[in-house]
> 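There's a structure below that I have some questions on.
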Amino acid sequence: MSVTLKEKLYEKIQEWRPRTAALLKDHSDKVVGEVTIGQAIGGMRSVKSLVTDISYLDPEEGIRYRGYTLPEVFEKLPKPEGSEMPYVEGLIYLLLTGDMPTESEVSDVVGELNKRRILPRYVYEMLDAFPANSHPMAMFSSAILSLSRESCFSHKYHKGISKMDYWDSTYEDFMNMIAKLPEIGAYIYRKLYRGGERIISKPFLDLGANFANMMGIAKPYDDVSRMYLIIHADHESGNVSAHAGHLVASALSDMYLSTSAMVNGLAGPLHGLANQEVLRWIQGVHSDMLGKIPTEDEMRSFVWDTLNAGNVIPGYGHAVLRKTDPRYSIQRDFALKYLKDDPLFKYTDLLYKVVPPILLEQGKAKNPWPNVDAQSGVIQWHYGVKEYEFYTVMFAIGRAIGVGANIVWDRALGYPLERPKSLTTAMLEKIAGI
Ligand code: HAX
């Protein structure tokens, strides 16, 4: 009999617990770093105060999931027959256990999620009650929040369970929730933008293919979905969405309450909403140019106009990364293969050429290179998803995988309530000697 994902996860948890316990018991006083006034005022940039084993973000190299770079993840994870992109279910296995899954382990996860995907009727009814001009992220977050009623963890917690068992019902919530997110996302899409004509999911499909099916978009959009969900899954735990999810979960709020908070953080224009802003900005250039591809000089002047008006160039810069985001490069490779003649792709490519030198010349942004959001909307647009408000919902489905896996591990390793300390401005002035 093969070992299930849950059994493998439990083995890994048992192996890991003594490591965390030993660090706490014998090395609690060791200094990890110091905090400057600049960091305390400046959004805690680079303050080393979180622990996660799910992913690590190197400023030069980009994200590693469980030690694997993104190109390695795309190369090594099993792929559905005839597809270029791996199963999202394989990534779920990798993030939860740290092991690269076999084909048969992935197919067990496909089956496991398919058993859990049915949404309670009240979620549809609640979504139907939203006004037609609602932002899809507000609807998505509310739908997840409403599912808190289904939480196995909350149910067990109120009956009384040992701390050592918290991970078990949290894992159940994680799997139940991940299975449902594509259903919720696609339902919102079809309701808001396709006259409410819902497409029912097909239980034999993998998560990426089922999402494409429910969106109503033909191949190779299944591969776009897989790629999109995988690249957005995690970016360490300090970014706004991941941190929000982890923080709320630290109060032992259930997976749904925590994920809804994560989604709310992602909905900010400096974070996940940037992908909609990129498209809005490019569309502005497109209409000013009456659809013509601008010359490099014309594009430069659009970029300077945006900066001189006091706005940021969406899709460029990053709080941690200092190189081109590998999540951008993976999408660019896909775009070069499938949409190299698309006018909007030509715009993005032109921007890749002109924006970094301009940001360097301006001298403010610490990272002049493109991030994940610079490319993703253009690919969605090409496949007919032109409602750019929706892009962040797909980002959120992906991000829930990494943040949720992290929450399962937070519970397994007994991470406590998060509670950093605040200071007053007067205290900082005293430290500064002014
Ligand atoms: N265009 C213009 N100015 C920029 C810039 C950009 N793309 N990126 C940074 N800057 C500016 C900042 O606004 C800041 O200016 P002030 O000193 O006047 O406040 C200065 O450069 C220093 O900022 P930084 O330290 O380099 O960057 P931060 O860590 O403060 O912010 C951001 C990182 C991603 C928020 C920032 O680069 C930005 O606003 N980029 C555009 C929005 C965007 O693409 N966001 C998506 C990021 C990826 C992500 O998380 N997706 O979810």
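In each ligand, atom 1 is the first atom listed, and ligand 1 is the first ligand listed. Quick note: residue numbers are just sequence positions, from 1. Everything numeric here is computed off the predicted structure, so don't read it as measured data.
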> Inspect the contact between Glu387 and Arg194 and indicate whether a charged nitrogen and a carboxylate oxygen are less than 4.0 angstrom apart.
yes

> Check whether any side-chain N or O of Ser134 sits under 3.5 Å from a backbone N or O of Phe130 as a donor-acceptor pair, and report yes or no.
no

> Hey, are the side chains of Asp410 and Ser250 touching, using non-hydrogen atoms and a 4.5 Å cut-off?
no

> Which of the atoms in ligand 1, numbered in the order shown and given with their element, are less than 4.0 Å from a heavy-atom of Asp373?
46 (C), 48 (C), 49 (C), 51 (N), 52 (O)

> Can you list the ligand 1 atoms lying under 4.0 Å from a non-hydrogen atom of Leu307?
2 (C)

> Can you tell whether the side chains of Lys8 and Asp99 come within less than 4.0 Å, N to carboxylate O?
yes

> Honestly, is Arg411 close enough over Phe153, meaning NZ or CZ under 6.0 Å from the six-membered ring centre and within 45° of the axis?
yes

> Checking the side chain of Arg399 only, and the main-chain atoms of Ala242 only, is there a donor and an acceptor separated by less than 3.5 Å?
no

> Determine whether any protein heavy atom is located less than 4.0 Å from atom 23 (O) of ligand 1.
no

> Would a search of protein heavy atoms around atom 48 (C) of ligand 1 find one under 4.0 Å away?
yes

> Between the side chains of Asn371 and His318, is a donor N or O closer than 3.5 angstrom to an acceptor N or O?
no

> Heavy atom to atom 42 (C) of ligand 1, shortest distance: which of Gly317, Gly315, Gly265 holds it?
Gly315

> If you measure every N/O of Pro269 against every N/O of ligand 1, is any gap under 3.5 Å?
no

> Could you establish whether Asn239 and ligand 1 come within less than 4.0 Å of each other, counting only heavy atoms on the residue side?
no

> Given Lys366, Arg45, Lys364, which one has a non-hydrogen atom that is nearest to atom 15 (O) of ligand 1?
Lys364

> Distance to 0.1 Å, residue and atom name: give those for the protein heavy atom nearest to atom 5 (C) of ligand 1.
Ala365 CB, 3.9 Å

> Taking the six-membered ring for Trp, are Tyr328 and Tyr352 ring centroids under 6.0 Å apart?
yes

> Is the distance from the ring center of Trp409 to that of Trp16 below 6.0 Å?
yes

> If you define the side chain from C-beta out and look only at heavy atoms, does anything of Leu5 sit under 4.5 Å from Glu112?
no

> Against His286, only a single residue in Tyr347, Trp281, Phe302, Trp381 fulfils ring pair (Phe, Tyr, Trp, His ring centres under 6.0 Å); can you say which?
Tyr347

> Looking at Asn371, which atoms of ligand 1 are within less than 4.0 Å of one of its heavy atoms?
43 (C), 44 (O), 46 (C), 47 (C), 48 (C)

> Which atoms of ligand 1 sit under 4.0 Å from any heavy atom of Leu359?
1 (N), 2 (C)

> Among all the protein's non-hydrogen atoms, which is closest to atom 41 (C) of ligand 1, and how far away is it?
Tyr316 O, 3.3 Å

> Can a non-hydrogen atom of Asp325 be found less than 4.0 Å from any atom of ligand 1?
no

> Starting from atom 1 (N) of ligand 1, locate the nearest protein heavy atom and write down its residue, its atom name and how far away it is, to 0.1 Å.
Ile313 N, 2.9 Å

> For His318, take its heavy atoms, then give the atoms of ligand 1 lying under 4.0 Å from any of them.
33 (C), 34 (C), 37 (O), 48 (C)

> Does the protein place a non-hydrogen atom closer than 4.0 angstrom to atom 19 (O) of ligand 1?
no

> Would you mind reporting whether Tyr221 and Val385 have side-chain heavy atoms less than 4.5 Å apart?
yes

> Which bit of Leu270 gets closer than 4.0 Å to ligand 1, counting heavy atoms only: side chain, backbone, both or neither?
both

> To the nearest 0.1 Å, how far is atom 52 (O) of ligand 1 from its closest protein heavy atom, and which atom is that?
His271 ND1, 2.9 Å

> Going by the atom numbers of ligand 1, which of them fall below 4.0 Å from some non-hydrogen atom of Gly272?
52 (O)

> Evaluate salt bridge (Lys or Arg N to Asp or Glu O under 4.0 Å) for Asp222 paired with Arg226, printing each intermediate quantity in order.
CA-CA 6 Å; Asp222 55 338; Arg226 295 184 191 101; 3.3 Å; yes

> Give me the nearest non-hydrogen protein atom to atom 33 (C) of ligand 1 as residue plus atom name, then the distance to 0.1 Å.
Ala319 N, 3.7 Å

> For atom 3 (N) of ligand 1, which of the options Val372, Val312, Leu266, Val240 provides the nearest non-hydrogen atom?
Val312

> Number the atoms of ligand 1 from 1 as they appear, then name those within less than 4.0 Å of a heavy atom of Ala274, with their elements.
43 (C), 44 (O), 45 (N), 46 (C)

> Let me see the working for Ser154 and Tyr256 under side chain to side chain donor-acceptor pair (under 3.5 Å), right down to the final yes or no.
CA-CA 10 Å; Ser154 291; Tyr256 302 99; over 6 Å; no

> Give a yes/no on ligand 1: does His235 have at least one heavy atom closer than 4.0 angstrom to it?
no

